[in-house]
Number of protein chains: 2
Amino acid sequence: MIRLLIADDQALVRGALAALLQLEDDLEVVAEVARGDEVVDAAIESSPDVALLDVEMPGIDGLAAARLLRDAVPSCRVLMVTTFGRPGYLKQAMSAGASGFVVKDTPARQLADAVRRVHSGLRVVDPTLAAESLTQGDSPLTEREADVLQAARSGGTVAAIAGTLFLSEGTVRNHLSSAIGKTGARTRAEAVRVAVDNGWLLPH
Amino acid sequence: MIRLLIADDQALVRGALAALLQLEDDLEVVAEVARGDEVVDAAIESSPDVALLDVEMPGIDGLAAARLLRDAVPSCRVLMVTTFGRPGYLKQAMSAGASGFVVKDTPARQLADAVRRVHSGLRVVDPTLAAESLTQGDSPLTEREADVLQAARSGGTVAAIAGTLFLSEGTVRNHLSSAIGKTGARTRAEAVRVAVDNGWLLPH
DNA sequence: ACGTGACCATGACAGGTGTCACGGCCTTGG
DNA sequence: CCAAGGCCGTGACACCTGTCATGGTCACGT
């Protein structure tokens, strides 16, 4: 019997995944949580063999939750299950100690197999996504550039960004200009779009 | 036996929902599709009693699919099941002839009941969402303003927007300015964010 | 027929934005 | 030690944006 923990913020999806996996004879859902910061506590209490983690979650995101879970309950393998196949997410997930990475586009029948493979110590990675992740390397953005771009997501003006980050307006403009150049964009909004699509910015 | 059609672009979610509903004795999944433009054909072939439609789908979105389905197979009731609780979506869904509107945050157990209610002719609406939809009225944007804002989503410059919409740059600026004023924003990016959050722009 | 309002366009203007050059402070690594 | 590179800041400049005034066409409801 493989014991499972399921973490997904959408209750309907979470319950449906549980129902789907519960159909398998060798799988057993022992915990369900809706927030990233509930993962570790639930795992300690229910000691699952495999944890299915969504990337987009309130509290802390699935990537951070995977890191914490790795330290708190090393016996539990992590299988990331996410909506968006952003190449950057895969790298972050792997460096966070995840054993597998599956997008929600994959057929339902394959999920149970992915869980079994992860449980037996194998790595499960979406092949097309792995290719994308290899061709296009790491994020070219420096930490501050990512911060500034992140602050620019809500659409505020330079002054607003400078205010929230306690920076000079000139510095913000420089970081934005650099980020725009690196992403091949022509405006800050386009740069944000590119960065988000590639998973170079944190979820949210 | 209530016959069901499930439309969702994410294969995993679609399969999981099917598994969840299949557990009920009085429910039967007779068709699954991944694209909006496959809904009508599948419905004609399998003649379901209730169709669960996601709003975000490739091809045509769930709202348009609901309208087409309403005309092609009037005997089939429509229950929208969507990720984002944008107030504007609810209005559009209702005017498209949907009988119910459920967000994916709702508990899994309630879904089967929602399906049964819709099948028996009742309307099912998320109460909190209904309240939001009432307090904040229809979209204040005119058709062209919405078009321009939609074109501005990718982050292009005014010239680019004017090019794709075959408009003068001055006209684009005017429409953007008007949209910015109506949304209470200060920049176009912020206006886009507000409009998207309220469901005033088409999905995607 | 008339007013209203959406739509398109032009022109002009203040202010914001993106770019560049320059300098200074750090930490890292040869 | 010293170069390299990320980080922060200033200042200046061309360009783009957002706003406003103005005017024209068209469809509409009274």
Side-chain angles (χ1 to χ4, degrees), chain A residues 88 91-92 95 137-202, chain B residues 88 91-92 95 137-202:
Chain A
K91 286 213 153 144
Q92 292 184 54
S95 75
D138 285 340
S139 168
L141 302 175
T142 70
E143 196 178 338
R144 278 299 178 277
E145 284 163 3
D147 289 344
V148 173
L149 219 51
Q150 179 77 20
R153 278 177 83 168
S154 52
T157 154
V158 170
I161 301 173
T164 59
L165 265 62
F166 302 101
L167 289 180
S168 162
E169 296 192 13
T171 303
V172 172
R173 282 209 291 274
N174 283 338
H175 283 311
L176 280 177
S177 183
S178 176
I180 290 172
K182 287 177 179 175
T183 53
R186 296 191 65 91
T187 68
R188 89 179 59 174
E190 201 176 338
V192 167
R193 210 177 52 74
V194 172
V196 169
D197 285 351
N198 292 51
W200 295 338
L201 262 41
L202 298 179
Chain B
K91 284 212 154 144
Q92 292 184 54
S95 74
D138 285 341
S139 169
L141 303 174
T142 71
E143 196 177 338
R144 276 300 178 275
E145 283 163 3
D147 288 346
V148 172
L149 219 52
Q150 180 77 19
R153 278 177 82 168
S154 52
T157 154
V158 171
I161 302 173
T164 59
L165 266 63
F166 302 101
L167 290 179
S168 162
E169 297 193 14
T171 304
V172 171
R173 281 209 293 272
N174 283 338
H175 283 310
L176 280 177
S177 183
S178 176
I180 289 172
K182 287 178 179 174
T183 52
R186 296 191 66 91
T187 69
R188 91 180 57 174
E190 201 175 337
V192 166
R193 211 177 52 75
V194 172
V196 169
D197 285 351
N198 291 46
W200 295 337
L201 262 41
L202 298 179

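Chain identifiers are assigned alphabetically (A, B, ...) following the order of the sequence lines, protein sequences preceding nucleic acid strands; residue numbering begins at 1 within each chain. As the structure is a prediction and not an experimental result, all values here were calculated from the model.
- In this structure, His175(B) reaches the dC8(C) phosphate: one of its side-chain N or O atoms is under 4.0 Å from OP1 or OP2.
- Among all heavy-atom pairs drawn from Ala189(B) and Gly155(A), the shortest one is CB-CA, 3.8 Å.
- Between the CZ atom of Arg186(B) and the P atom of dT19(D) there is a distance of 8 Å, given to the nearest Å.
- Note on Ser168(A): only backbone sugar-phosphate atoms sit closer than 4.0 angstrom, heavy atoms only; bases stay farther off.
- In this structure, NZ of Lys182(B) is placed 13 Å from P of dT19(D), rounded to the nearest angstrom.
- Among the atoms of the strands shown, base atoms are found under 4.0 Å from some heavy atom of Thr171(A).
- When the P atom of dC8(C) is taken as reference, atom CZ of Phe166(B) falls 13 Å away, rounded to whole Å.
- Side-chain nitrogen and oxygen atoms of Thr142(A) include none within less than 4.0 Å of the OP1 or OP2 phosphate oxygen of dG6(D).
- Looking at the side chain of Thr157(B), the nearest of the listed nucleotides dC8(D), dA9(C), dT17(D) is dT17(D).
- The distance from atom CD of Glu145(B) to atom P of dT19(D) is 12 Å, rounded to the nearest whole Å.
- OP1 or OP2 of dC8(D) has at least one side-chain nitrogen or oxygen of Arg144(A) nearer than 4.0 Å.
- Remark: C1' of dA12(C) and CZ of Arg173(B) are 10 Å apart, rounded to the nearest angstrom.
- Not one N or O on the side chain of Thr187(A) forms a donor-acceptor pair closer than 3.5 Å with the backbone of Thr157(B).
- Ranked by how close their nearest DNA chain C nucleotide is to the 5' end, Asn174(B) and Thr187(B) are led by Asn174(B).
- If you take CG of Leu149(A) and P of dC7(D), they are 13 Å apart, rounded to a whole angstrom.
- Along DNA chain C, the nucleotide closest to Glu143(B) and the one closest to Ala159(A) are compared, and the more 5′ of them pairs with Glu143(B).
- Remark: the backbone N or O of Gly199(B) is paired with a side-chain donor or acceptor of Gln92(B) at under 3.5 angstrom.
- With a 6.0 Å radius and a threshold of 12 heavy atoms from other residues, nucleotides or ligands, Arg193(B) has its CZ atom above the threshold.
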